[in-house]
Colleague: 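The following block contains the structure, expressed as structure tokens.
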Amino acid sequence: MIYPKIPLAQSIIQICLAKGIKNIVISPGSRNAPLTIGFVNNPEFNCYSIADERCAAFFAVGIAQQTQRPVVVVCTSGSALLNYYPAFAEAFYSQIPLIVISADRPQSKIDIGDGQTIRQQNVFKNHSLYNANLTEDVSVENDLKINKAINKAFTKKGPVHINAPFEEPLYQTVSKLDVDVTISAFKKIKHTISIDQIIEFTNIWNKSKKKLILVGENKPDEIDAEIIEFLAKDNSVVVMTETTSNLHHPSFLNTIDTIITPFTNADFKNFQPDILITFGGMVVSKRIKAFLRKYPPKHHWHIDILRAYDTFGCLTKHFEVNPNPFLKQFLSFTIPIRSAYKTTFEKIATIRKAKHQEYLSKIPFSDFKAFEKIIPSLPEDSMLHLSNSSAIRYAQLFAINPSIQVFCNRGTSGIDGSTSTAIGAAVANERPTVLIAGDIGFLYDSNALWNEYTPKNFKIILINNGGGGIFRILPGHEETPVFNKFFETSHCLTAEHLAKMYGFEYSIASNEINLETSLRAFYAQNDKPSILEVFTPTLENNKILLQYFKELV
């Protein structure tokens, strides 16, 4: 076995090994050579080389998202580390375990004019669960810091930072370890709710005729089928799910904006819940957030083992447990109550569905029409990744096959990194993977295609409307040169040459008929990754979408 000669690098690698870390994403560089040598020469690690640091970190987020285990991402010193920050923040808000190990120069070389040096210690402090600032020597204190960082990533489901200073020479190797590391185990804490609390809160539940359960981003198969059925049969319960909730039942309301946008003040007042229960991650729908802030429930309970955001300004209880065991215990103490809450809104949903189909039948080719064709075409048992801005919002307007797992970087809701995350996820998950992306987000993250790991059955559906179309539906939009250049980012670029450069199959569609034909060929081809670029009219998309909400009544 080949090991780096530098003892500190040996310690980091051996502790990662002892903790069961498997996946290592390395951004090539010189100062991190001791870590690279150690990781790539140990067959226990799966090592990936991703040159662009921003892409590398999001690629790691994609793997960690799927495995639910910490992934290590390693970089050299200097500005390389700062390029990890967007993914680091995403991991923090999406509760994804990520371990950044940055190589550094010794502290004596910082701020004296030496090359490729910045102040790396605590650089992620606003979004890091723990910062391990190591010293060059081998010590129990260093070992404990490394242990603590990795333990936090495991138990708190988020990002940590280990900063390791190395002095030259960096490339020397040895065939025998020089360190005997200290390993500290992390305690597994069993989170439970007392019977007294269950009784207290089920007493409130059993007296309430209007209960709304709102589910944000949620891992697939997180909630047992019997719990889903129990909730579906309760007439006092309305369950609203987002596209990223991965929670399905025919009676659940899964197109939130379609249902509530046409509401009058009287409708909103009637829909105002007595109890709101939330679980899962970030909620996409601005309309449901605005509604619950204006018409807050008497009780808002959030179920999450780690944190509870007061998103609607009315949080009254945080149950610090996972949703599935909580609901299993809690619902067994509930009793049925007569209520028309659910049936009222099922009737509304039926009306909206008919209006939805009626409107789609008469509109011309556009973003909206493209999504109408794309969403039902997705292969069963596949994985769908959605980029932010328009893609995730259009997808929210359509029901998605329950066999499809859906993901989106909603922690920070940024356009950066969607493609990189999707490719990382596809590497870690054997399901065929489709990414639906907007043109600006795709171009922004185009270096994501610069790797040798993209599966042959990975597919990108690129909606090219010539700019950031989402800005056209926001209040204050005016058709001016300033808007087009500085807000929408108008362009005439396509993915054709990127596809050729990176070895992707490339095809296009620009109307309803050739989109349907192109989709069939797109899914049939699995010899290499593919991009289907769908061109839609820049100036019509926003009008068609805004008119949709007006015609739902």
Side-chain angles (χ1 to χ4, degrees), residues 193 198 201-260 263 268 270-285 287-289 291-293 295-305 308-312 314-337 339-346 348-349 396 399 402 406:
I193 301 297
I198 292 291
F201 287 93
T202 51
N203 281 338
I204 298 171
W205 173 280
N206 292 334
K207 295 174 185 175
S208 302
K209 293 186 176 182
K210 297 193 292 184
K211 301 131 181 170
L212 174 62
I213 296 179
L214 176 62
V215 188
E217 182 277 326
N218 196 57
K219 292 189 288 293
D221 304 316
E222 190 82 346
I223 306 300
D224 290 346
E226 57 264 33
I227 294 173
I228 294 172
E229 287 297 331
F230 191 100
L231 294 172
K233 290 176 181 176
D234 192 328
N235 286 326
S236 67
V237 175
V238 170
V239 180
M240 284 190 152
T241 60
E242 294 227 304
T243 299
T244 54
S245 71
N246 292 293
L247 194 66
H248 303 276
H249 190 276
S251 72
F252 292 175
L253 306 183
N254 59 1
T255 53
I256 297 173
D257 287 356
T258 297
I259 292 166
I260 71 169
F263 274 6
F268 279 124
N270 190 35
F271 189 44
Q272 183 178 15
D274 302 320
I275 299 173
L276 169 67
I277 292 183
T278 55
F279 61 88
M282 301 293 190
V283 171
V284 176
S285 172
R287 289 173 171 86
I288 195 68
K289 285 185 274 193
F291 157 61
L292 290 168
R293 287 165 182 163
Y295 297 92
K298 297 173 186 174
H299 308 276
H300 173 201
W301 308 335
H302 186 72
I303 314 166
D304 188 283
I305 201 166
Y309 293 122
D310 192 6
T311 304
F312 315 109
C314 56
L315 184 69
T316 55
K317 179 62 180 177
H318 175 203
F319 291 104
E320 297 179 56
V321 290
N322 284 319
N324 197 66
F326 171 81
L327 291 170
K328 201 168 189 176
Q329 184 181 13
F330 182 87
L331 293 176
S332 65
F333 285 81
T334 63
I335 56 174
I337 187 171
S339 172
Y341 192 53
K342 180 182 175 182
T343 54
T344 298
F345 292 98
E346 283 182 333
I348 292 172
Q396 291 270 103
V406 185

Colleague: With sequence neighbours left out, write down each residue that passes side chain to side chain donor-acceptor pair (under 3.5 Å) with H249, or none if nothing qualifies.
Modeller: E229, S251
Colleague: Stepwise, does the side chain to side chain contact (heavy atoms under 4.5 Å, CB included) test hold for F201 with I204?
Modeller: CA-CA 5 Å; F201 287 93; I204 298 171; 4.2 Å; yes
Colleague: Closer than 3.5 angstrom, by distance alone: can the side chain of Q272 be matched with the main-chain N or O of P296 as a donor-acceptor pair?
Modeller: yes
Colleague: Could you measure the distance from the CZ atom of F333 to the CD1 atom of I198? Nearest 0.5 Å is fine.
Modeller: 6.5 Å
Colleague: Between the main-chain N or O of D257 and the side-chain N or O of Q396, is there a donor-acceptor pair closer than 3.5 Å?
Modeller: no
Colleague: With a 4.5 Å heavy-atom cut-off, do I303 and L327 have their side chains touching?
Modeller: yes
Colleague: Considering all heavy atoms of both residues, which atom of A399 and which atom of T255 are nearest to each other, and what is their separation?
Modeller: N-CG2, 4.3 Å
Colleague: Hey, could you give me each pair passing side chain to side chain donor-acceptor pair (under 3.5 Å) that has a residue in residues 230-240? Not counting sequence neighbours.
Modeller: K211-S236, D234-S236
Colleague: Could you tell me which residues satisfy side chain to side chain donor-acceptor pair (under 3.5 Å) with N324, sequence neighbours excluded, listed by chain and number?
Modeller: D224
Colleague: Can a donor-acceptor pair be found, under 3.5 Å and without considering hydrogens, that links the side chain of K328 to the backbone of E226?
Modeller: no
Colleague: Between the side chains of H300 and T278, does any donor sit under 3.5 Å from an acceptor?
Modeller: yes
Colleague: Are the side chain of N246 and the backbone N or O of E217 linked by a donor-acceptor pair below 3.5 Å?
Modeller: no
Colleague: Could you tell me which residues satisfy salt bridge (charged side-chain N to carboxylate O under 4.0 Å, His left out) with D274, sequence neighbours excluded, listed by chain and number?
Modeller: none
Colleague: Run the ring-ring contact (aromatic ring centres under 6.0 Å, His included) test against F268 and tell me which residues pass, sequence neighbours left out.
Modeller: F263, F291, Y295
Colleague: Shortest non-hydrogen contact from I259 to M240?
Modeller: CG2-CE, 4.5 Å
Colleague: Can you list the residues that meet the side chain to side chain donor-acceptor pair (under 3.5 Å) rule with T311, with sequence neighbours excluded?
Modeller: none
Colleague: Go through the structure and list residues passing ring-ring contact (aromatic ring centres under 6.0 Å, His included) with F279, not counting sequence neighbours.
Modeller: none
Colleague: Once rounded to the nearest 0.5 Å, what's the spacing between atom CG of L214 and atom OG of S285?
Modeller: 8.0 Å
Colleague: Rounded to the nearest 0.5 Å, how far apart are OG1 of T241 and CG of N218?
Modeller: 10.0 Å
Colleague: Do I277 and F319 have side-chain heavy atoms sitting under 4.5 Å apart?
Modeller: no
Colleague: Going by the rule side chain to side chain donor-acceptor pair (under 3.5 Å), which residues pair with T258 if we only count those two or more places apart in sequence or in a different chain?
Modeller: Y548
Colleague: Run the side chain to side chain contact (heavy atoms under 4.5 Å, CB included) test on V237 and W205 for me, step by step, so that the C-alpha distance in whole Å, both residues' side-chain angles and the decisive distance to 0.1 Å come before the verdict.
Modeller: CA-CA 10 Å; V237 175; W205 173 280; 3.7 Å; yes
Colleague: Can you measure from OG1 (T334) to CG (N203) and round to the nearest 0.5 angstrom?
Modeller: 11.5 Å
Colleague: So, taking the atom named CD1 in I213 and the one named CD1 in I275, what distance separates them when rounded to the nearest 0.5 Å?
Modeller: 9.5 Å
Colleague: Taking K317 for its side chain and H299 for its backbone only, find out whether a donor-acceptor pair lies under 3.5 Å.
Modeller: no
Colleague: Nearest 0.5 angstrom please: K207 NZ to I337 CD1, how far?
Modeller: 10.0 Å
Colleague: Please name all residues satisfying ring-ring contact (aromatic ring centres under 6.0 Å, His included) with H302, sequence neighbours left out, ordered by chain then number.
Modeller: none
Colleague: Applying side chain to side chain contact (heavy atoms under 4.5 Å, CB included) between L276 and each of L212, L315, T316, report the one that passes.
Modeller: L212
Colleague: Under the salt bridge (charged side-chain N to carboxylate O under 4.0 Å, His left out) rule, collect the residues that match up with E222, sequence neighbours excluded.
Modeller: K219
Colleague: What residues, two or more places apart in sequence or in another chain, satisfy ring-ring contact (aromatic ring centres under 6.0 Å, His included) together with Y341?
Modeller: F271, F345
Colleague: Do I256 and E242 have side-chain heavy atoms sitting under 4.5 Å apart?
Modeller: yes
Colleague: Taking I335's backbone N and O only, do any of them form a donor-acceptor pair with N206's side chain (distance below 3.5 Å, no angle check)?
Modeller: yes
Colleague: Do the side chain of D310 and the main chain of C314 share a donor and acceptor less than 3.5 angstrom apart?
Modeller: yes
Colleague: How would you list, by chain and number, every residue that makes a side-chain contact (heavy atoms from CB on, under 4.5 Å) with A340, sequence neighbours excluded?
Modeller: T343, T344
